[in-house]
Number of protein chains: 2
Amino acid sequence: MDIKVAYGKKVRQIRKDKGVSQEKLAELAELDRTYISGIENGKRNVSIETIFKIAEALNIPVIEFFEF
Amino acid sequence: MDIKVAYGKKVRQIRKDKGVSQEKLAELAELDRTYISGIENGKRNVSIETIFKIAEALNIPVIEFFEF
DNA sequence: TCATTTTGTAGACTATAGTCCGTGGTACAA
DNA sequence: TTGTACCACGGACTATAGTCTACAAAATGA
């Protein structure tokens, strides 16, 4: 189990559940759209601050991103 | 509440509970000793892979590091 | 179809994560 | 005093996080 892949899948799943595009999430989290794409595809080793930005942007507790 | 500070405090608390030195944790997590120090003092923006390495080294589920 | 939205990815770039060297400080035991 | 274990921190360094631009490919709906 690759943690980057698992985290990326979670982000995508929660984002889609909320009906938000990558572009909108990027705007809310103040990140680049292409970076969100990289994260969701398990290619990025995100920092703890980025993890929090994304959790806040999606209005979901950080813990939920680590329930695999 | 600074996420880096909160995370660092958690790492220190759990590490001390386990009676492990920074040096030993660094060795177990395959990280640099001075970097562990920086993390515990809330000065480092650790990556998701590093978060997992530390959790595994301390044998604690990642989720526990995010229960503030 | 066709237009529009959404996404993947590449390349070049800047900022910073993480390493490795060292020094010094504190605490405790011999 | 001396040794030893632990920790904070600085500087210099390499690897990579994260940005930005651009283009192409799906996907979606009319």
Side-chain angles (χ1 to χ4, degrees):
Chain A
M1 193 270 287
D2 183 335
I3 172 61
K4 302 198 300 297
V5 171
Y7 173 73
K9 282 183 181 171
K10 268 285 181 183
V11 171
R12 172 161 289 164
Q13 173 208 314
I14 294 173
R15 177 181 63 78
K16 293 225 167 193
D17 285 352
K18 295 238 167 186
V20 176
S21 69
Q22 288 181 354
E23 177 124 32
K24 183 63 181 173
L25 171 56
E27 177 194 331
L28 293 170
E30 294 180 301
L31 291 167
D32 195 83
R33 182 190 62 78
T34 66
Y35 195 55
I36 299 289
S37 174
I39 290 168
E40 291 190 355
N41 288 298
K43 295 172 182 169
R44 294 304 194 151
N45 186 22
V46 292
S47 73
I48 192 171
E49 286 188 340
T50 295
I51 290 167
F52 260 66
K53 280 185 183 178
I54 290 174
E56 284 190 349
L58 293 171
N59 202 31
I60 298 280
V62 172
I63 284 186
E64 286 197 32
F65 291 87
F66 294 103
E67 286 164 350
F68 304 125
Chain B
M1 193 270 285
D2 184 336
I3 172 63
K4 302 197 302 291
V5 171
Y7 174 73
K9 282 184 180 170
K10 268 285 179 184
V11 171
R12 173 161 287 163
Q13 173 209 311
I14 293 173
R15 176 180 63 79
K16 294 227 166 194
D17 284 353
K18 295 239 167 186
V20 176
S21 70
Q22 288 181 352
E23 177 125 30
K24 184 64 181 171
L25 172 55
E27 177 194 331
L28 292 170
E30 295 181 298
L31 291 167
D32 196 82
R33 180 185 59 76
T34 67
Y35 195 56
I36 299 289
S37 173
I39 290 168
E40 291 189 356
N41 288 297
K43 295 172 182 169
R44 294 306 194 147
N45 186 21
V46 293
S47 73
I48 193 171
E49 286 188 340
T50 296
I51 290 167
F52 258 66
K53 280 186 183 178
I54 291 175
E56 283 189 350
L58 292 170
N59 202 31
I60 298 280
V62 172
I63 283 186
E64 285 196 32
F65 291 86
F66 294 103
E67 286 164 350
F68 304 124

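Residue numbers begin at 1 in each chain, while the letters A, B, ... track the order of the sequences.
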Between the protein and nucleotides 25-30 of chain C, which nitrogen or oxygen pairs are less than 3.5 angstrom apart?
none

side-chain contact (heavy atoms from CB on, under 4.5 Å) evaluation trace for A/I3 with B/I51: CA-CA 10 Å; A/I3 172 61; B/I51 290 167; over 6 Å; no

Contact residues, residues 44-57 of chain B to DNA chain C [heavy atom, < 4.0 Å]: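 Residues of residues 44-57 of chain B under 4.0 Å from DNA chain C: B/R44, B/N45, B/V46, B/S47, B/T50.
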
Closest heavy-atom pair and its distance - B/L28, B/A57: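 It is CB-CB, 3.7 Å.
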
Check against salt bridge (charged side-chain N to carboxylate O under 4.0 Å, His left out), A/E56 and A/K53: CA-CA 5 Å; A/E56 284 190 349; A/K53 280 185 183 178; over 6 Å; no

Derivation and outcome, salt bridge (charged side-chain N to carboxylate O under 4.0 Å, His left out), residues B/K4 and A/E49: CA-CA 8 Å; B/K4 302 197 302 291; A/E49 286 188 340; 2.9 Å; yes

Could you tell me whether the side chain of [Y] reaches within less than 4.5 Å of the side chain of [X], counting heavy atoms only?
X	Y	result
A/I54	A/I14	no
B/V11	B/L25	yes
B/R12	B/Q22	yes

For A/V5, all residues meeting side chain to side chain contact (heavy atoms under 4.5 Å, CB included), sequence neighbours excluded: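 Here the qualifying residues are A/D2, A/K9.
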
Look for any protein N or O under 3.5 Å of an N or O in nucleotides 24-30 of chain D and output each such pair with its distance, or none.
none

Tell me if the [atom1] atom of [X] is crowded by more than 12 foreign heavy atoms within 6.0 Å.
X	atom1	result
A/K10	NZ	yes
A/Q13	CD	yes
A/E30	CD	no

From CA spacing to verdict: side-chain contact (heavy atoms from CB on, under 4.5 Å), B/T50, A/I48: CA-CA 10 Å; B/T50 296; A/I48 192 171; over 6 Å; no

Axis deviation across the helix from C/dT1-D/dA30 to C/dA30-D/dT1, five-pair ends, to the nearest 10°: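 Here the helix ends are tilted 50° relative to one another.
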
B/R15 side-chain N/O to D/dC7 phosphate OP1/OP2 under 4.0 Å: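 Yes, within the criterion.
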
Below 4.0 Å: OP1/OP2 of C/dA17 and any side-chain N or O of B/K43: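 Checking C/dA17 against B/K43, no side-chain N or O comes under 4.0 Å of OP1 or OP2.
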
Residue mapping more 5' on DNA chain D - nearest nucleotide basis, B/R12 or A/I39: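 Nearest nucleotide further toward 5': that of B/R12.
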
Plane angle bin for A/Y7 and A/F66 - parallel if under 30°, tilted between 30 and 60°, otherwise perpendicular: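 A/F66 and A/Y7: parallel rings.
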
Test item: A/D32 side-chain N/O and A/T34 main-chain N/O as donor-acceptor pair under 3.5 Å: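 Present.
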
Side-chain donor or acceptor of B/R15 paired with backbone N/O of B/V20 under 3.5 Å: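 Yes; judged by distance alone, with no hydrogens or angles, the pair exists.
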
Members of residues 20-37 of chain B that approach DNA chain D, where some heavy atom sits under 4.0 Å away: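 Nucleic-acid contacts, sorted: B/S21, B/Q22, B/R33, B/T34, B/S37.
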
